[in-house]
Peer 1: 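One structure follows; several queries about it will come next.
Residue numbering restarts at 1 for every chain, and letters A, B, ... go by the order of the sequence lines.
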Protein chains: 2
Amino acid sequence: MLKVNEYFDGNVKSIGFEQNGEQSTVGVMAAGEYLFNTGAPERMTVIKGSLTILLAGASDWQTYGQGEAFEVPGHSSFSLKVSTPSAYLCEFLN
Amino acid sequence: MLKVNEYFDGNVKSIGFEQNGEQSTVGVMAAGEYLFNTGAPERMTVIKGSLTILLAGASDWQTYGQGEAFEVPGHSSFSLKVSTPSAYLCEFLN
């Protein structure tokens, strides 16, 4: 029911859950650099800390702090730089 | 570094992390009723969904929705009623 996922040798961990048929995860990223691929489009909201991201095809890195959100298209990717362990909510959009 | 915890037969799962010496967890609670004991005082913020809580010694249940927070004293307890899977941030206060 609550599904724990681990990525990048355990440097990113998340817990997946469902509300009214909508899939979301909350997770934490340790400091590091990551590349994620998307299936469904998703909205990422920073819960604590900050995430610096580069969307596929974009030329500028952007930093999002606590309470800020960004969306990632489906079947795309984004790069992340994380300077301090940071928590996020990822909501899959349909 | 990122520590996964499970409670209540896996109906509550959390990921613990540290920022600048401050301990926090993000987690998800499946629908159900729970009783948690506190060590350190903590601040709970609802990330998605809602939590209905009764602090030890209080007489009224209170419901907190997305973005709302409540604090729990140290060495105390609180009861929770959760009607839909809900995500939270728990920050331990020193």
Peer 1: For the atom pair NZ (A/Lys13) and NZ (B/Lys3), what is the distance rounded to the nearest 0.5 Å?
Peer 2: 9.5 Å

Peer 1: Is B/Phe36 linked to B/Leu54 within one hydrophobic cluster, defined over Ile, Leu, Val, Met, Phe, Trp and Tyr using a side-chain heavy-atom separation of less than 4.5 Å?
Peer 2: no

Peer 1: Working to the nearest 0.5 angstrom, can you tell me the gap between A/Phe17 CZ and B/Met29 CE?
Peer 2: 12.0 Å

Peer 1: With rounding to the nearest 0.5 angstrom, report the CG to CE distance, A/Asp9 to B/Met1.
Peer 2: 12.5 Å

Peer 1: Hey, could you give me the CG/CG distance between B/Leu89 and A/Leu89, rounded to the nearest 0.5 Å?
Peer 2: 11.5 Å

Peer 1: Same hydrophobic cluster for B/Phe78 and B/Trp61, using side-chain heavy-atom links shorter than 4.5 Å among ILVMFWY?
Peer 2: no

Peer 1: Please rank A/Leu2, A/Val12, A/Asn20, A/Val26 by heavy-atom pairs under 4.5 Å with chain B and give me the top one.
Peer 2: A/Leu2

Peer 1: So which residue, A/Ile47, A/Asn11, A/Val4, A/Thr84, ends up with the most heavy-atom pairs under 4.5 Å with chain B?
Peer 2: A/Ile47

Peer 1: Could you state whether A/Phe92 and A/Tyr88 fall into the same hydrophobic cluster, counting links through intermediate Ile, Leu, Val, Met, Phe, Trp or Tyr residues with side-chain heavy atoms under 4.5 angstrom apart?
Peer 2: no

Peer 1: Need one label for B/Glu91: side chain, backbone, both or neither, based on atoms under 4.5 Å from any heavy atom in chain A.
Peer 2: side chain

Peer 1: Linking I/L/V/M/F/W/Y whenever any side-chain heavy atoms sit under 4.5 Å apart, do B/Val28 and B/Leu51 land together?
Peer 2: no

Peer 1: Heavy-atom distance under 4.5 Å to chain B: side chain of A/Ser24, backbone, both or neither?
Peer 2: side chain

Peer 1: Are A/Met44 and A/Ile15 connected into the same hydrophobic cluster when the rule is that any two of I, L, V, M, F, W, Y join if their side-chain heavy atoms are below 4.5 Å apart?
Peer 2: no

